[in-house]
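Note that the structure is predicted; figures quoted are calculated from it, not measured. Residues: numbered from 1 along the sequence shown.
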Amino acid sequence: LSSSLSAQGGKDIRIIDVAEYEDLYGVGMGCSYLMVVTGRNTSHIRVMSDSIVRNLKARKLNERGIVGAMKGVEGGTDIFSNKRSRARAS
């Protein structure tokens with residue numbers, strides 16, 4: 001995912017191991033890793049997030065219960081994208 005985001009112009013890509021913070025602060029985030037990427041503007045970030053969802057679905061991770069692959073961007077129906085983008089992502 002990080003190489004794909006880099007190719008799309010994502011900057012300052014960081015993958016953070018958040019599992020260690022659960023023991024430290026007693027708060028579970030529900031994941032082991034967190035990826036943070038800087039984009040140029042809102043539409044650039046949307047393109048990158050849609051790309052992540054397509055990538056996860058292409059790997060069939062939606063069948064393994066990965067929320068991002070099952071629900072898509074924002075964890076549900078994306079009311080801001082157009083019909084063509086939604087069809088391409090599925």
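Judged purely by atom type and a 3.5 angstrom limit, H44 uses its side chain to pair as donor or acceptor with the backbone of Q8.
Between atom CG of residue L5 and atom CE of residue M35 there is a gap of 6.0 Å, rounded to the nearest 0.5 Å. Distance check: E63 CD to L61 CG gives 9.0 Å after rounding to the nearest 0.5 Å. Within the model, atoms NZ of K11 and OG of S6 stand 7.0 Å from one another, a figure rounded to the nearest 0.5 Å. Residue M48 holds its CE atom at 10.0 Å from OG of S43, rounded to the nearest 0.5 Å. Distance check: I13 CD1 to L1 CG gives 10.0 Å after rounding to the nearest 0.5 Å. Taken from OH in Y33 to CG in D17, the straight-line distance is 4.5 Å, to the nearest 0.5 Å.
No single ILVMFWY cluster, assembled from side-chain heavy atoms under 4.5 Å apart, contains both V47 and V37.
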Problem set entry | Evaluation steps, side-chain contact (heavy atoms from CB on, under 4.5 Å), between V36 and D12 | CA-CA 8 Å; V36 180; D12 302 322; over 6 Å; no
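The shortest side-chain heavy-atom distance between R40 and I45 does not fall under the 4.5 Å cut-off. When side chains are defined from C-beta on, L34 does not count as touching I15, because their heavy atoms never get closer than 4.5 Å.
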